[in-house]
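Take a look at the structure below.
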Amino acid sequence: AGISRQTSKCFPAGTEGSYTVIVEVTVGCDGRVSNVFTIGAGVVPTHVTSCIEQTLGYASFAAHAVPDGMGFQYPLKFNF
């Protein structure tokens, strides 16, 4: 929930409506994010998706044993 609050701050003040941004996140063995990129953002502008990608870069996940990192798609839903 904390990361969702942070990523919603990427939208300009006064934004209204519902938006979905789908990102692909790669997490290293230590649980740290090694890569994030936007797969689909609809009408969400690039400066907002860039901010979301940077913010997700600070997220932490459970450590794992997948040697090349574990990638997964993550849909983020925003309602303003």
### In one Ile/Leu/Val/Met/Phe/Trp/Tyr side-chain cluster, 4.5 Å: Val66, Val27
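No, it is not one cluster - the side chains of Val66 and Val27 are not joined through contacts under 4.5 Å.
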### Message
Please give me the minimum heavy-atom distance between Cys29 and Ala65, naming the atom from each residue.
### Response
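The pair with the smallest heavy-atom distance is SG-C, 4.4 Å.
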### Message
What's the separation between atom NE2 in His64 and atom CG in Asp30, rounded to the nearest 0.5 Å?
### Response
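Going from the NE2 atom of His64 to the CG atom of Asp30 covers 7.5 Å.
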### Task
State which residues pass side chain to side chain donor-acceptor pair (under 3.5 Å) with Asn79; sequence neighbours excluded, sorted by chain then number.
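Result, side chain to side chain donor-acceptor pair (under 3.5 Å) vs Asn79: Ser18.
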### For Gln73, all residues meeting side-chain contact (heavy atoms from CB on, under 4.5 Å), sequence neighbours excluded
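Only Ile22, Glu24, Ile39 meet the side-chain contact (heavy atoms from CB on, under 4.5 Å) criterion with Gln73.
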#### Entry: For Thr26, side-chain contact (heavy atoms from CB on, under 4.5 Å) partners two or more places apart
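Listed in chain order: Ser34, Asn35.
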### Query
Side chains of Val21 and Thr49: does their closest heavy-atom pair fall under 4.5 Å?
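Yes, their side chains come closer than 4.5 Å.
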### Task
Any ring-ring contact (aromatic ring centres under 6.0 Å, His included) involving residues 36-61? Give me the pairs, sequence neighbours left out, ordered by first then second residue.
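Every pair satisfying ring-ring contact (aromatic ring centres under 6.0 Å, His included) with a residue in residues 36-61: Phe61-Phe72.
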### Query
With sequence neighbours left out, what residues match Cys51 under disulfide (SG to SG under 2.5 Å)?
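With neighbours one apart ignored, the set is Cys10.
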### Task
In sequence, state the C-alpha distance, the side-chain angles, and the governing distance for Leu56 and Leu76, and then conclude on side-chain contact (heavy atoms from CB on, under 4.5 Å).
CA-CA 11 Å; Leu56 288 174; Leu76 299 158; 3.8 Å; yes
#### Entry: Those residues that, when tested against Phe11, pass ring pair (Phe, Tyr, Trp, His ring centres under 6.0 Å) (two or more places apart)
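Partners of Phe11 by the ring pair (Phe, Tyr, Trp, His ring centres under 6.0 Å) criterion, ordered by chain and then number, come out as Tyr19, Phe78, Phe80.
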